[in-house]
There are 2 protein chains.
Amino acid sequence: MQPMTRESPTFSPLYQQIKSLILQALEGGEWLPGQSIPSEQDLAVRFGVSQGTVRKAIDELSSENILLRRQGKGTFVASHHDPRALFRFLRLVPVGGGVSQPVSVPLECWRARAGQEAARNLGVAMGSSIIIIRRLLKFAEKPVVVDELYLPGDVFQSLTLEMLQDWNGSLYSLFETRFGVRMIRASERIRAVAAERATAEMLGVKEYTPLLSVERIAYTYGDRAVEWRRGLYSTADHCYLNELS
Amino acid sequence: MQPMTRESPTFSPLYQQIKSLILQALEGGEWLPGQSIPSEQDLAVRFGVSQGTVRKAIDELSSENILLRRQGKGTFVASHHDPRALFRFLRLVPVGGGVSQPVSVPLECWRARAGQEAARNLGVAMGSSIIIIRRLLKFAEKPVVVDELYLPGDVFQSLTLEMLQDWNGSLYSLFETRFGVRMIRASERIRAVAAERATAEMLGVKEYTPLLSVERIAYTYGDRAVEWRRGLYSTADHCYLNELS
DNA sequence: AAGTGGTCTAGACCACGTC
DNA sequence: ACGTGGTCTAGACCACTTT
């Protein structure tokens with residue numbers, strides 16, 4: 001592999017090309033979440049570039065939380081099994097300051113056809129098969145979030161309510177393990193809404209209580225949207241924490 | 001300058017030490033926001049290290065939005081005058097998808113003594129002098145946010161309501177220009193609350209309308225807290241956008 | 001001792017912006 | 001033509017982990 005010259009219309013730095021090749025390998029399942037990838041030196045030989053160039057590619061993938069470097073041990077494919085990954089996608093902290101692990105309680109799971117909004121958010125055709133999940137998130141036995149998720153049916157074909165209930169771990173670790181779908185990034189749109197009666201009951205708050213409405217679109221490799229969800233957060237005992245930097 | 005050995009109890013990589021020295025120079029006002037800093041080669045000579053080491057230090061400062069590299073031109077001290085810096089600290093987008101610049105409308109500005117909460121959040125002694133600002137944020141003539149800010153009195157001594165009203169630009173660009181205080185990062189805690197009567201009137205919504213309560217602590221160099229604010233956001237036409245990555 | 005990532009250096013050349 | 005940051009290389013040595 002050689003650096004292209006400015007003459008090339010598709011010019012990009014060598015380390016970016018290496019980064020793409022590594023991403024391809026990841027997407028193709030050559031190295032699975034939790035496993036180590038080859039050493040920098042091996043990859044340098046494989047791609048025919050210097051170790052420094054591989055290093056720079058891995059640096060970026062590492063800062064994007066796609067790979068994880070561990071000195072002396074190697075470089076690993078990031079996994080949602082890692083408890084540190086949890087807070088990345090669930091930015092809820094107790095208002096008092098303590099710590100407690102969330103417990104996911106799946107309520108329903110059914111098939112449907114994509115409406116206009118779901119189709120747009122998931123990047124699929126209207127009328128195509130989708131899966132809808134409703135679920136509760138509890139902290140220390142107390143319900144804090146009620147979620148509704150929309151997933152593309154083709155990707156999550158064999159998903160059932162039982163599978164969700166039998167799994168103890170995050171949804172994303174289930175998706176990663178059972179469906180080979182690893183969430184890379186997401187964007188959330190947050191608004192304030194009043195609790196409707198059914199929601200209020202599930203969360204144990206009064207009707208019309210202000211709640212956070214958190215709408216998320218999550219993406220896997222190649223910026224492909226594979227989840228659209230809307231959560232209603234009770235912020236009596238927890239708040240959404242965001243670090244601006 | 002030389003790399004320390006593992007024997008040293010204060011071991012840190014050379015490039016981290018260079019990074020600290022650059023931060024010191026920034027904090028000391030050696031290079032002001034918007035200005036360029038010396039070239040990598042000059043800094044390498046000044047600090048007695050290789051260009052690559054300076055480069056790595058600047059890389060990190062650049063990824064933290066403290067410096068800004070421009071190929072062919074040089075490396076610049078980031079400034080809140082840069083319109084791109086605005087969205088970093090105000091993650092509001094129109095729900096329709098259009099674009100419009102916010103306009104800040106200062107309402108009040110007065111002196112007070114720090115209570116327990118303000119003292120804790122600003123890292124000052126209880127009873128010390130603080131400044132409180134109330135202000136409205138409008139998008140396309142419509143009020144969307146009402147803010148209350150708490151600032152340490154010693155840092156912002158000469159601040160007046162007139163100064164705020166005469167300034168057209170963001171608050172942070174005022175702080176940077178008039179008080180030499182540059183905000184580096186902030187952390188926000190978001191909850192949902194019901195609008196009180198006075199707030200509802202200012203935002204043009206009904207009493208008890210659900211609003212976002214966004215509480216922010218902002219930090220300058222050396223992780224020193226220099227602002228505590230609470231904003232109430234009307235999310236009828238705008239929503240808070242957060243990218244999880 | 002061997003293998004991994006982490007740091008540091010020196011030098012070559014490219015791409016961008018200004019003079 | 002010159003100066004700036006951006007890329008790429010090759011090699012040395014350090015720090016951490018495992019064998």
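Just so it is clear: chains get the letters A, B, ... in the order the sequence lines come, proteins before strands, and each one is counted from 1.
- If you take CD1 of Ile18(B) and P of dG6(C), they are 20 Å apart, rounded to a whole angstrom.
- Of the side-chain N and O atoms in Thr53(B), none sit less than 4.0 angstrom from OP1 or OP2 of dT7(C).
- Qualifying ring pair (Phe, Tyr, Trp, His ring centres under 6.0 Å) partners for Phe87(B), counting only residues two or more places apart in sequence or in other chains: none.
- A salt bridge does not link Asp147(A) to Arg230(A): none of the charged side-chain nitrogens sits closer than 4.0 Å to a carboxylate oxygen.
- In this structure, the nucleotide among dA10(D), dC8(C), dT7(D) sitting nearest to the side chain of Tyr15(B) is dC8(C).
- Remark: C1' of dT7(C) and CZ of Phe47(B) are 18 Å apart, rounded to the nearest angstrom.
- Sorted by first and then second residue, the salt bridge (charged side-chain N to carboxylate O under 4.0 Å, His left out) pairs involving residues 26-36 of chain A (not counting sequence neighbours) are Glu30(A)-Arg46(A).
- As a whole-Å value, the separation of Leu14(B) CG from dA15(D) P is 12 Å.
- Going from atom CD of Gln16(A) over to atom C1' of dA15(C) covers 15 Å, rounded to whole Å.
- Residues of residues 28-36 of chain A having a heavy atom closer than 4.0 Å to DNA chain C: none are found.
- Tyr150(B) pairs by the ring pair (Phe, Tyr, Trp, His ring centres under 6.0 Å) definition with Trp228(B), not counting sequence neighbours.
- Residues passing the ring pair (Phe, Tyr, Trp, His ring centres under 6.0 Å) test with Phe89(B), sequence neighbours excluded: His80(B), Tyr172(B).
- Shown here for Ser79(A) and Gly34(A), the closest heavy-atom pair between the two residues is CB-N, 4.0 Å.
- Every residue was checked against the ring pair (Phe, Tyr, Trp, His ring centres under 6.0 Å) condition with Tyr233(B), not counting sequence neighbours, and none meets it.
- Contact between the side-chain N/O atoms of Lys56(B) and the OP1/OP2 oxygens of dC8(C) is not found at any separation under 4.0 Å.
- The salt bridge (charged side-chain N to carboxylate O under 4.0 Å, His left out) analysis of residues 83-104 of chain A, with sequence neighbours excluded, yields the pairs Asp82(A)-Arg84(A).
- Between the CG atom of Asp59(A) and the P atom of dT7(D) there is a distance of 12 Å, given to the nearest Å.
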Atom pairs under 3.5 Å, N or O on each side, protein against nucleotides 1-5 of chain D: can you list them with distances?
from: dG3(D); atom 1: N2; to: Gly72(B); atom 2: O; distance (Å): 2.9
from: dT4(D); atom 1: O2; to: Gly72(B); atom 2: N; distance (Å): 3.3
from: dG5(D); atom 1: OP1; to: Thr75(B); atom 2: OG1; distance (Å): 3.4
from: dG5(D); atom 1: OP2; to: Glu40(B); atom 2: N; distance (Å): 3.1
from: dG5(D); atom 1: N2; to: Gln71(B); atom 2: NE2; distance (Å): 3.2

Would you be so kind as to tabulate the donor-acceptor pairs closer than 3.5 Å made by side chains of residues 18-25 of chain B, with sequence neighbours excluded?
from: Lys19(B); atom 1: NZ; to: Glu60(B); atom 2: OE1; distance (Å): 2.8
from: Lys19(B); atom 1: NZ; to: Glu64(B); atom 2: OE2; distance (Å): 2.7
from: Ser20(B); atom 1: OG; to: Gln16(B); atom 2: O; distance (Å): 3.3

